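The block underneath contains the structure these notes are about, expressed in structure tokens.
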Amino acid sequence: VCSSDLYGKHFLAGRNQVKGEITPAYAILEPKVIRFIQTLMPDLRLIYLIRNPIDRAWSQAYMNLVSLPGRPYGDVKENEFIAHFHSPRSTLRGDYRRCVDNWLDCFPQEQLLIEFFEDIALQPKQLLERVFHHLHVEPPQDWGDFPFNEKVFAGNPRPMPEKFRAILEDMYAEEIGALELRF
């Protein structure tokens, strides 16, 4: 059985409904994998949330070095954080221009909705309305029953130390400038 067949079985329930999944790992797929996805699902609707690359790098490092392994923050050495910031696992996810371009090389712009992570907190209802529109799904008639203000999987990293912010600002200065021009 082909791995794409196994993957497709996850979506059999609710066959005539709009469904999907989410993972930041899709953003950094290799172009050949994205081309394969496009051949399987040419009408795929894509949603990409862009977060400030500095905040994203800190959140990911904190999750990978502290939260997931269950280590006390004080046990993680400064050089471990710095190594994580410079690791391909982190830098690839922060290269939004490359990620977006890789997907747009295979899918038309109208199939890719690009939004900003901060809008989850700042304007959740409006963000959801744009997502529903992009997916060609009717928004709820009564938003009173829709939990758009409910926090789900809210991380709780400690504030970023200034020494790390300075490192990340230097690393992502060019990317942030280019993102400001593009978006």
Side-chain angles (χ1 to χ4, degrees), residues 1 3-14 19-34 36-37 44 46-100 102-103 112-125 127-128 131 135 146-176 179 183:
V1 174
S3 62
S4 65
D5 292 336
L6 291 173
Y7 180 74
K9 288 181 181 182
H10 292 288
F11 301 99
L12 289 177
K19 52 193 159 280
E21 69 166 329
I22 181 173
T23 175
Y26 287 136
I28 61 171
L29 289 175
E30 294 181 27
K32 68 181 180 180
V33 176
I34 297 170
F36 179 69
I37 291 170
L44 185 66
L46 303 158
I47 301 167
Y48 190 40
L49 293 177
I50 295 176
R51 184 176 191 180
N52 178 306
I54 295 166
D55 296 333
R56 188 217 51 80
W58 170 246
S59 178
Q60 183 185 1
Y62 192 89
M63 178 183 71
N64 292 149
L65 298 173
V66 178
S67 299
L68 289 180
R71 289 172 71 188
Y73 174 78
D75 288 358
V76 182
K77 301 201 176 350
E78 183 176 318
N79 65 336
E80 290 179 83
F81 278 107
I82 294 169
H84 191 285
F85 298 151
H86 291 282
S87 71
R89 181 178 189 180
S90 182
T91 58
L92 287 173
R93 283 183 166 90
D95 188 354
Y96 296 134
R97 292 178 294 162
R98 183 187 136 294
C99 293
V100 168
N102 284 345
W103 283 89
L112 175 62
L113 174 67
I114 299 173
E115 292 288 341
F116 298 95
F117 175 85
E118 291 78 10
D119 285 345
I120 294 171
L122 298 174
Q123 50 176 326
K125 182 179 172 188
L127 173 63
L128 282 171
V131 168
L135 297 175
F146 199 87
F148 64 88
N149 280 320
E150 183 178 318
K151 288 186 178 184
V152 179
F153 300 121
N156 193 18
R158 62 177 49 231
M160 184 185 330
E162 284 305 313
K163 60 187 168 197
F164 294 152
R165 179 168 298 283
I167 291 166
L168 291 169
E169 284 175 352
D170 185 54
M171 283 180 64
Y172 288 105
E174 182 182 327
E175 180 71 12
I176 290 171
L179 290 170
F183 301 106

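Here the structure is a predicted model, which means the values were calculated and not measured.
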Side-chain touch His86/Ile167, heavy atoms, less than 4.5 angstrom:
yes
Value for CD (Glu30) from CG (Leu92), rounded to nearest 0.5 Å, stands at 10.0 Å
Nearest heavy-atom approach of Arg98 to Ile28 is NH2-O, 4.3 Å
Please determine whether side chain to side chain contact (heavy atoms under 4.5 Å, CB included) holds for the pair Glu80 and Arg71, giving the CA-CA distance in whole Å, both sets of side-chain angles, and the decisive distance to 0.1 Å. CA-CA 13 Å; Glu80 290 179 83; Arg71 289 172 71 188; 2.9 Å; yes
Looking at Arg97 and Glu175, is there a salt bridge between them, counting it only when a charged N and a carboxylate O are closer than 4.0 Å? yes
Between Ser90 and His84, the two heavy atoms sitting closest are CB-O, 3.2 Å
Check: How far apart are the C-alpha atoms of Asn64 and Arg89, what are their side-chain angles, what is the distance that settles it, and do they pass the side chain to side chain contact (heavy atoms under 4.5 Å, CB included) test?
Finding: CA-CA 10 Å; Asn64 292 149; Arg89 181 178 189 180; 3.3 Å; yes
What one should report as the nearest heavy-atom pair of Pro69 and Leu65 is CG-O, 3.3 Å
Value for CG (Leu135) from NZ (Lys19), rounded to nearest 0.5 Å, stands at 12.5 Å
| query | Using the ring of each side chain (for Trp, its six-membered ring), is Phe81 parallel, tilted or perpendicular to Tyr73, with breaks at 30° and 60°? | reply | tilted
Q: Take atom CG of Leu122 as the centre, draw a 6.0 Å sphere, and report whether it contains more than 12 heavy atoms from other residues, nucleotides or ligands.
A: yes
Quick check: do Leu113 and Leu46 have side-chain heavy atoms less than 4.5 Å from each other?
no
Note: Ile50 and Glu118 closest approach over all heavy atoms is O-OE1, 3.8 Å
Output for pair (Asn52 CG, Trp58 CH2), nearest 0.5 Å, gives 14.5 Å
Taken to the nearest 0.5 Å, the spacing of Tyr48 OH from Leu112 CG works out to 9.0 Å
Margin query: Taking the side chain as everything from C-beta on, heavy atoms only, tell me whether Arg165 gets closer than 4.5 Å to Asp55.
Written below: yes
**Message:** Evaluate Ile82 against Phe164 for side chain to side chain contact (heavy atoms under 4.5 Å, CB included), listing each step before the verdict.
**Reply:** CA-CA 8 Å; Ile82 294 169; Phe164 294 152; 4.1 Å; yes
For this session: Check whether any side-chain heavy atom of Ser59 sits under 4.5 Å from a side-chain heavy atom of Met160, and report yes or no.
Result: no
Would a 4.5 Å heavy-atom cut-off, applied to side chains only, mark Tyr62 and Arg158 as touching? yes
Run the side chain to side chain contact (heavy atoms under 4.5 Å, CB included) test on Ile114 and Leu49 for me, step by step, so that the C-alpha distance in whole Å, both residues' side-chain angles and the decisive distance to 0.1 Å come before the verdict. CA-CA 6 Å; Ile114 299 173; Leu49 293 177; over 6 Å; no
| query | Are side-chain heavy atoms of Asn102 and Leu29 found at a separation under 4.5 Å? | reply | no
Correct closest heavy-atom pair for Val131 and Ile47 would be CG1-CD1, 3.6 Å
In this structure, CD1 of Ile54 is separated from OH of Tyr172 (nearest 0.5 Å) by 9.0 Å
So OH of Tyr96 and CZ of Arg56: to nearest 0.5 Å the spacing works out to 5.5 Å
| Quick one: does Ile37's side chain get under 4.5 Å of Trp103's, heavy atoms only? | yes
What one should report as the nearest heavy-atom pair of Pro53 and Gly94 is CB-O, 4.4 Å
